[in-house]
Amino acid sequence: MPELPDLEIFAENLDKRFRNKVLEQVEIKLAKSLNVALAELKVNLEGQELKSLTRNGLAISLQFKNHAVLTVDLMSSGKINVLRSSDVTAVNLINLYFKGGDVLAVTDPKDLSVFKLNPIQATVPDALSKEMTFEYLSSMLLDNKKQIKKVLLDQKIIRGIGHAYADEILWYAEISPFSIAGKIPANQIKKLQKTIKYVLLDAIKQIKKLSTEQVAAEMHDFLLIHNPGKEKSPTGRVIKTRSKAGMMTYYTDEQVLWS
DNA sequence: GCTCCTGTTGCTAC
DNA sequence: GGTAGCAACAGGAG
């Protein structure tokens, strides 16, 4: 459930709490959650000091002072927890025990979360990065026959947009999620590019207002369209839904279908 | 018309 | 709700 804005705030809060602390011990519940053997992870990380913790696309990235990197991808069902080592009862998907007694743990009812040691650096621009320009977005949409929502969700094109914010962004940009990407005119792509940044940055602001300590995602009431609690858009139009493979798309008739 | 090839969509298991 | 993987399907080239 956590998307970019939540992850951005988690990363800020976790960075404050764990930066410069020494990781003493790593526990993993399932071997399949990890891209290397547990022994290799331990050799690389145990005893190392955390340099910084940042958000990177839809993942959280822990950079250690020995240049080792551990990424945490919560997928759709993972949750980050901070607790004291004395309170660790269950074997979580991952437990990172830091010197001083704080533990960074990931719980996940579906065990979908994945952890990677030193993953290959992605060259795909983050949704909030400088590289996410109009020119870049246009080049990715050119001759693209996929539906625009699929393109926005594709982490190999833009990193950081999930279902909820894709719907919000497309509503603000007045583009139907079912529009064919390559058919969207340049002025609309320009609007879309600005909207991506606006919606995500605004969401970060709103979450900060709600809570400063947060490390766990909740359903956000400020979502205007991708929100089961709302029946109408701010302009009074009925919000429609369409589901495919269990995933729900929320939209209204205000959004132009380019096809 | 048909077959091969390719890209896209839909669905499932993690 | 995120991703990989694969089956099903659609459309174009030959």
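Order of the sequence lines fixes the chain letters, A, B, ..., with proteins taken first and strands second; residue numbering starts at 1 for each chain.
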Answer whether the closest heavy-atom distance between the side chains of [X] and [Y] falls below 4.5 Å.
X: A:Gln48; Y: A:Val22; answer: no
X: A:Val106; Y: A:Val72; answer: yes
X: A:Gln255; Y: A:Pro177; answer: yes

Short side-chain donor-acceptor distance under 3.5 Å, A:His163 and A:Lys149: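 Present: a donor and an acceptor within the cut-off.
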side-chain hydrogen bond (donor to acceptor under 3.5 Å, both in side chains) partners for A:Ser259, two or more places apart: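 Per chain and number, A:Ser259 pairs via side-chain hydrogen bond (donor to acceptor under 3.5 Å, both in side chains) with no residue.
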Annotated protein contacts, base or backbone, on nucleotides 5-14 of chain B with a non-hydrogen cut-off under 4.0 Å, one of B, S, - each: ---SSSBB-B
Using the 3.5 Å cut-off, write out each protein N or O paired with an N or O of nucleotides 4-6 of chain C and the distance between them.
unit_1 : atom_1 : unit_2   : atom_2 : d
C:dA4  : OP2    : A:Lys156 : NZ     : 3.4

Listed partners of A:Val88 passing side chain to side chain contact (heavy atoms under 4.5 Å, CB included), at least two apart: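 In terms of side chain to side chain contact (heavy atoms under 4.5 Å, CB included), with neighbours along the sequence ignored, A:Val88 is linked to A:Leu83, A:Asn95, A:Tyr97, A:Val103.
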Side chain to side chain contact (heavy atoms under 4.5 Å, CB included) partners for A:Ser33, two or more places apart: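 A:Leu30, A:Leu93, A:Phe115.
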Strand-adjacent residues in residues 166-178 of chain A, judged by heavy atoms under 4.0 Å from DNA chain B: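 The answer is none.
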Expected output: side-chain A:Ser179 to main-chain A:Ala181 donor-acceptor under 3.5 Å: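 Not a single qualifying donor-acceptor pair exists.
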Whole-Å distance between [N] [atom2] and [X] [atom1]?
X: A:His163; N: C:dG2; atom1: NE2; atom2: C1'; answer: 8 Å
X: A:Asp6; N: C:dG1; atom1: CG; atom2: C1'; answer: 12 Å
X: A:Phe115; N: C:dG2; atom1: CZ; atom2: P; answer: 17 Å
X: A:Leu58; N: C:dG1; atom1: CG; atom2: P; answer: 13 Å
X: A:Arg159; N: C:dT3; atom1: CZ; atom2: C1'; answer: 15 Å

Option passing side-chain contact (heavy atoms from CB on, under 4.5 Å) with A:Lys99 (candidates A:Lys21, A:Glu24, A:Gln25, A:Glu49):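 Answer to the side-chain contact (heavy atoms from CB on, under 4.5 Å) test with A:Lys99 among A:Lys21, A:Glu24, A:Gln25, A:Glu49: A:Glu24.
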Face-on cation placement of A:Arg237 at A:Tyr251 ring, 6.0 Å and 45° thresholds: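 A:Arg237 over A:Tyr251 ring: no.
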Taking every non-hydrogen atom, the tightest pair across A:Val124 and A:Arg159: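 In terms of heavy atoms, the two residues are closest at O-NE, 2.8 Å.
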Any A:Gln155 side-chain N or O less than 4.0 Å from OP1/OP2 of C:dT3: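 Looking at the OP1 and OP2 atoms of C:dT3, one of them is under 4.0 Å from a side-chain N or O of A:Gln155.
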